[in-house]
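Note sheet for the following structure.
Chain identifiers are assigned alphabetically (A, B, ...) following the order of the sequence lines, protein sequences preceding nucleic acid strands; residue numbering begins at 1 within each chain. This one's a predicted model, so the numbers in the text were calculated from it and none came from an experiment.
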Amino acid sequence: MNEYQKIADLLYPNVKDYTFYLNKYKKRENVKGEVTRYAPSPTGYMHIGNFFQMFISYNLAKNTNGVFIRRLEDTDRKREKEGAFEVIEMVMDKFGIYPDEYETLNGEIKGYYGPYIQTERLDIYHSFAKYLVSIGKAFPCFCKAFENKEEILKDRETKFLDNDATEYDACRNLSFDEVKKHIDNGEKFAIRLKTSGDGIKRVTFTDLIKGEITANANAKDVILVKSDGIPPYTFCHIIDDKLMGVTTVVRGEEYISSTPVHLEIIDALGFDRFKYCHNPLICKIPENGNKRKISKRYDPEADMRYYFENGYPIESVLEYLLNLISSSFEEWRRNNPELSWKEFKFGINDITAVSPIFDLVKLNDISKNIISKMTAEEVFNNVLKWAKEYNNSWYELLLNNKDYAIKMFNIDRNIEKPRKDIYKWSSIPELYKYFYDEFYNPSSIEDYDLPNNYKCAKELLNEYLTIFDENDAKDTWFNKIKELGAKYGFAKEVKEFKKNKEAYIGHCGDVCTLIRVAVTGRTQTPDLYEILKLFGKEKIKNRFNKFYEFI
RNA sequence: GGUCCCAUGGUCAAGUGGUUAAGACACCACCCUUUCACGGUGGUAACAGGGGUUCGAGUCCCCUUGGGACUACCA
């Protein structure tokens with residue numbers, strides 16, 4: 001037994017040989033497509049950039065008939081945020097993105113390559129750490145870690161000053177006896193990689209989005225296992241990805257610069273390298289004009305829960321993201337207006353290399369189109385679902401008279417050119433409240449900027465009530481309005497009015513506006529004919545009477 | 001400081017050596033029109049700068065500039 005093996009045994013006396021795990025987790029024989037994973041750490045509530053990356057990963061697996069894994073990377077106990085993983089589970093669930101393999105916090109496991117929670121895999125990591133020590137590619141370190149971020153920042157400043165390309169640790173050449181002395185003292189140890197980097201060597205790897213990247217090879221004795229016995233992301237993701245048979249690592253482009261470290265570890269372990277796909281980061285442009293990563297601290301839309309609270313249909317968010325991921329999505333959508341986004345297959349080459357700027361206006365536009373294609377029933381169900389969680393009074397209101405609500409949502413819908421004014425469910429109350437008597441709230445007629453017609457408003461409206469028939473066809477209905485208006489001095493045709501403005505007090509459109517205002521309290525509403533039909537004579541009469549108080 | 005990534009209108013973008021430099025969103029105008037929408041037509045608006053290579057450069061190379069990421073016993 002050589003010196004390295006003796007140290008390894010001293011450090012990890014009771015650990016299985018790493019080959020045990022290599023044998024236990026067999027290669028996936030029947031999977032031809034890409035095996036990808038989403039590996040969130042529960043350090044914050046789900047961020048849109050995080051979701052973006054997850055969504056790319058998911059699609060890559062789906063589009064190639066591969067496997068999509070969700071793995072919880074909970075190795076940073078200090079930064080762990082309670083409830084964060086539950087939010088991730090909830091968000092994925094609501095968006096209908098189901099991993100093929102996963103583990104939930106209440107212990108439900110799906111897949112043969114688990115556990116899928118990293119803190120449940122510590123023995124595995126220790127085996128591989130022991131192996132690296134035993135072949136002299138890693139070593140125990142007894143130095144003191146930095147306590148906080150300030151210390152790190154301060155240390156960084158001095159490092160920048162001398163710009164040393166290599167960073168070898170003081171403990172890298174400890175003998176067995178020296179190690180034993182520390183251990184016997186009861187000191188805790190971390191494991192560091194004994195880098196073969198010299199600050200001159202370079203590495204090249206291929207990124208599926210950016211192409212070939214050449215960078216400085218790692219030349220730091222990086223931490224493989226922290227002194228609390230838990231490895232950092234750097235080490236465990238490699239072992240997990242290997243054992244779980246991951247083929248392509250999809251992650252944010254902030255990881256490009258740490259890839260050389262990962263490569264050295266992979267090589268040291270004797271694994272095959274993975275394919276990499278570093279996706280761009282979603283950005284914002286704040287006041288100062290400089291692009292920056294979208295952040296939950298400043299941008300409410302960065303938190304995925306924003307879309308639930310505001311009631312965006314999940315398809316809207318997904319399609320917007322697809323639009324950012326692949327430039328060919330929009331054209332595909334135009335050519336396939338009826339298909340689900342799930343039918344859209346994009347290649348990895350379609351993914352843009354540029355960090356896109358998040359555009360809420362564009363998202364809203366996509367959302368308007370999606371909602372305009374829904375049936376009234378679908379709208380009703382969606383609004384109801386939203387209201388149940390975020391607007392109790394509207395939940396009651398809608399549920400109270402479902403038929404009425406559906407008829408209301410059906411106005412200007414299910415036609416060739418449907419109305420497109422809803423992009424999120426939370427705007428429904430403001431948009432539709434006047435359909436309910438308790439919210440019918442007209443103000444003084446002068447406030448509506450009508451032509452002079454308010455002088456005869458009451459008589460006209462009263463007479464309209466006598467001729468209104470909810471069974472009239474639209475043409476008949478409109479003709480009646482024209483005739484009635486003519487009696488009071490309104491032009492029957494707009495063109496006629498424009499030609500000879502002096503002869504009339506307004507035109508038939510003005511009569512409509514008056515009726516519209518009287519019955520809804522607004523100058524802007526969907527189709528008036530449909531509204532009147534839905535309301536019926538009695539309701540119209542009541543509203544007219546209330547409106548008279550403001551004349 | 002160092003390393004890496006990125007660079008076409010306000011935004012998303014097409015473009016793979018020869019184009020009048022697409023399209024979408026937003027904006028503006030007009031048309032349609034009972035309001036608002038929808039729809040239609042048109043418009044404003046871009047290859048960051050400088051050098052090369054080439055008969056020819058948005059496209060290839062170099063430099064500059066600008067922006068971003070990383071540089072932890074975080075991920």
Side-chain angles (χ1 to χ4, degrees), chain A residues 39-41 43-44 50 73 75-76 78-79 141 143-146 148-149 151-153 155-157 159-165 167 188 190-192 202 207 209-211 213-216 220 222-228 230-234 237 251-260 278 280-281 283 285 289-293 320 323-324 327-331 333-334 352-366 368 372 412 415-421 477-478 481-482 485 494 507-517 520 522-529:
Chain A
S41 53
T43 50
N50 212 254
E73 307 219 321
T75 56
D76 186 356
K78 279 180 222 151
R79 294 200 311 156
C141 167
C143 303
K144 215 173 137 256
F146 288 121
N148 52 48
K149 189 127 190 189
E151 283 184 22
I152 294 166
L153 258 26
D155 181 63
R156 199 177 285 177
E157 274 177 40
K159 268 185 207 158
F160 286 174
L161 242 43
D162 48 73
N163 235 332
D164 194 351
E167 242 180 277
K188 287 192 170 173
I191 301 290
R192 282 182 187 275
R202 308 269 291 168
D207 180 87
I209 295 178
K210 317 265 184 199
I213 296 173
T214 301
N216 291 342
K220 276 166 98 168
V222 294
I223 289 285
L224 262 22
V225 182
K226 295 179 278 181
S227 55
D228 62 3
I230 304 175
Y233 160 84
T234 317
H237 91 271
R251 56 183 14 173
E253 71 178 13
E254 69 266 36
Y255 288 96
I256 290 180
S257 2
S258 49
T259 304
H278 289 99
L281 275 10
C283 292
I285 298 186
N290 286 349
K291 218 177 183 179
R292 61 161 170 74
K293 219 159 114 176
Y320 175 64
N323 183 55
L324 292 186
S327 55
S328 52
F329 177 72
E330 220 164 10
E331 195 191 342
R333 174 46 83 214
R334 240 197 319 280
T352 169
V354 187
S355 300
I357 289 163
F358 187 85
D359 187 359
L360 202 58
V361 181
K362 179 75 179 181
L363 166 64
N364 290 346
D365 179 70
I366 288 175
K368 278 178 193 172
S372 75
D412 284 351
I415 52 178
E416 201 192 341
K417 290 166 184 171
R419 199 176 175 81
K420 298 182 177 176
D421 54 355
W477 168 83
F478 193 40
I481 287 180
K482 284 181 179 175
V494 180
H507 56 79
C508 58
D510 295 319
V511 182
C512 286
T513 303
L514 177 65
I515 297 171
R516 170 177 281 116
V517 164
T520 67
R522 296 186 177 190
T523 52
Q524 302 170 1
T525 73
D527 190 60
L528 182 60
Y529 169 71

When you measure only distances, ignoring hydrogens and angles, does the side chain of [X] come within 3.5 Å of the base of [N] through a donor and an acceptor?
X	N	value
R516(A)	U35(B)	yes
R419(A)	C38(B)	no
S227(A)	C73(B)	yes

Pi stacking test for F160(A) and G1(B): under 5.5 Å apart, planes under 30°: yes
From C74(B), G23(B), C4(B), nucleotide with atom closest to I256(A) side chain: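 The listed nucleotide nearest to I256(A)'s side chain is C4(B).
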Under 3.5 Å for both donor-acceptor distances, Watson-Crick or wobble: does [N] have a partner, and if so which one?
N	answer
A21(B)	none
C47(B)	none
U34(B)	none

Test item: W477(A) and L528(A) side chains (from C-beta on) under 4.5 Å apart, heavy atoms: yes
Atom [atom1] of [X] and atom [atom2] of [N]: how far apart are they, to the nearest Å?
X	N	atom1	atom2	value
Y255(A)	A75(B)	OH	P	8 Å
K417(A)	G39(B)	NZ	P	8 Å
F358(A)	G10(B)	CZ	P	21 Å
D365(A)	C12(B)	CG	C1'	12 Å

With a cut-off of less than 4.0 Å, is there a side-chain N or O of [X] near OP1 or OP2 of [N]?
X	N	value
S355(A)	G67(B)	no
R202(A)	C4(B)	yes
K159(A)	A72(B)	yes

Scan [X] against the nucleic acid and name what it touches under 4.0 Å (heavy atoms): base, sugar-phosphate only, or nothing.
X	answer
S328(A)	nothing
T523(A)	base
F146(A)	nothing
R251(A)	nothing
E73(A)	sugar-phosphate

Plane angle bin for F358(A) and Y320(A) - parallel if under 30°, tilted between 30 and 60°, otherwise perpendicular: perpendicular
Rounded distance (nearest 0.5 Å) linking atom CG of N323(A) with atom CD1 of I366(A): 4.5 Å
Value rounded to 0.5 Å, distance of CG in N148(A) from CD in E151(A): 4.5 Å
Separation between the P atoms of A7(B) and C60(B), rounded to whole Å: 10 Å
